[in-house]
Q: 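Here it is, the structure, as structure tokens.
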There are 2 protein chains.
Amino acid sequence: MNEPTTREREDQADAWFHALADRTRRDILRRVLAGEHSVSTLARSYDMSFAAVQKHVAVLERSGLLTKRRQGREALASGDVEAVRSVGVMLTELEALWRGRISRMDELFASDTGTDTDTQTSTDTTTSTQKD
Amino acid sequence: MNEPTTREREDQADAWFHALADRTRRDILRRVLAGEHSVSTLARSYDMSFAAVQKHVAVLERSGLLTKRRQGREALASGDVEAVRSVGVMLTELEALWRGRISRMDELFASDTGTDTDTQTSTDTTTSTQKD
DNA sequence: CAAACATACAACTGATCGGTTGTACGTTGT
DNA sequence: ACAACGTACAACCGATCAGTTGTATGTTTG
């Protein structure tokens, strides 16, 4: 596995936070973190169609917060606690930015010297959609 | 201030994660956590209209991740690190659910005798939006 | 084998989202 | 006074979202 680019990290973050931004999905995640559940077992817990719940599970799976394994006709879903931790790390990085202004690091890197920034993904700095 | 209801906590979580689920908003949040910025200063950093950025700031403000103060004609935005921490706590609670099945605590309190083995998830017990 | 079960996905619909332009209003500088 | 600046909000538009129903396919079980 390669170091993820800034773009890939942002895509991942989009997927994580989008997945978490729905209370049904958060509830599903809580259940599958506490233990494996089949999709239909999960579906029975909510006042909506099976298809709706199945799509919520699919969103969680695509984001990486949940994994599925097949057992016969059932699909057993488990929460991926490592992914949850990664989201937490992302927030910790935000806090760090508040404490110490990490973003200054880029300027220090970029402004002089050979700039052998193997960690940094070239072009843009910490972020994304700048204009100039 | 009263204890927030489950409903209010979920509404808050919806707002937090929705606000974080957009990379422009995450970028804005990074900047205002690192230091105060006026809305138009922020707007100049992105390749979109002032109104678009202003709306992003408004979303962050409504979620509580950002606060604004007025100084003359400018609106100075600051990231609220306490809110960021609260989001982190919410994720930690998810992790805890994985580690120990917190929801069982009630039973342990009620039933006495620490006879816990692996305690697998039988029915559900966990949280909110059940059907029946 | 046939019926019931579990899953997956396509097609549709109303609601929300992320962007736009335009307008209105208070503040600042000349 | 007035022009430029900074902010806020309304109205609009295409895209995505969260739900629905329906259909197809594989897996148990009687």
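On a predicted model such as this, the values are computed, not experimentally measured, just so you know. To find a chain, count down the sequence lines: A is the first, B the second, and so on, and within it residues start at 1.
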Q: Check for a donor-acceptor pair, side chain of A:Gln12 on one end and backbone N or O of A:Ser63 on the other, with a separation under 3.5 Å.
A: yes

Q: Measure from NE2 on A:His56 to C1' on D:dG19 and round the result to the nearest Å.
A: 8 Å

Q: Strictly below 4.0 Å: does B:Ser49 bring a side-chain N or O up to OP1 or OP2 of C:dG19?
A: no

Q: Provide a list of protein-nucleic acid N or O atom pairs under 3.5 angstrom, restricted to nucleotides 10-17 of chain C.
A:
none

Q: Report the distance from atom CD of A:Gln54 to atom P of D:dC17, rounded to the nearest whole Å.
A: 16 Å

Q: Give me the distances for all protein-to-nucleotides 2-6 of chain C N/O pairs that come in under 3.5 Å?
A:
from  : atom 1 : to      : atom 2 : distance (Å)
C:dC5 : O2     : A:Arg73 : NH1    : 3.4

Q: Determine which pairs satisfy salt bridge (Lys or Arg N to Asp or Glu O under 4.0 Å) with at least one residue from residues 57-71 of chain B, sequence neighbours left out, and list them in order.
A: B:Glu36-B:Arg69, B:Glu61-B:Lys68

Q: Got more than 12 heavy atoms from elsewhere within 6.0 Å of CZ, A:Arg9?
A: no

Q: Starting from P on D:dA8, measure out to CG on B:Leu60 and report it in whole angstrom.
A: 13 Å

Q: Which whole-number value in Å describes the distance from B:Gln71 CD to D:dT7 C1'?
A: 15 Å

Q: Strictly distance-based, threshold 3.5 Å: is any side-chain N or O of A:Arg25 a donor or acceptor partner for the main-chain N or O of A:Leu20?
A: no

Q: Under the side-chain contact (heavy atoms from CB on, under 4.5 Å) criterion, do B:Trp98 and A:Val84 qualify, and how do the steps go?
A: CA-CA 10 Å; B:Trp98 171 76; A:Val84 175; over 6 Å; no

Q: Using the salt bridge (Lys or Arg N to Asp or Glu O under 4.0 Å) rule, take B:Glu82 and B:Arg85 through it: C-alpha gap first, then chi angles, then the decisive distance, then the call.
A: CA-CA 5 Å; B:Glu82 271 311 309; B:Arg85 286 208 186 96; 2.6 Å; yes

Q: Examine distances only and state if a side-chain atom of B:Arg23 and a backbone atom of A:Ala13 form a donor-acceptor pair shorter than 3.5 Å.
A: no

Q: Using whole Å, report how far CG of B:Asp14 lies from P of D:dA18.
A: 10 Å

Q: Whole angstrom is fine here: how far is it from NZ in B:Lys68 over to P in D:dG6?
A: 15 Å

Q: Could you give the CZ-to-P distance, from B:Arg70 to C:dC25, as a whole number of Å?
A: 15 Å

Q: Assess, by modelled atom type and distance only, whether the side chains of A:Ser45 and A:Arg31 contain a donor and an acceptor separated by less than 3.5 Å.
A: yes

Q: Would you mind reading off the distance between B:Met48 atom CE and C:dG19 atom P, rounded to a whole angstrom?
A: 4 Å

Q: Please check: side-chain N/O of A:Glu8 versus main-chain N/O of A:Thr5, any donor-acceptor pairing under 3.5 Å?
A: yes

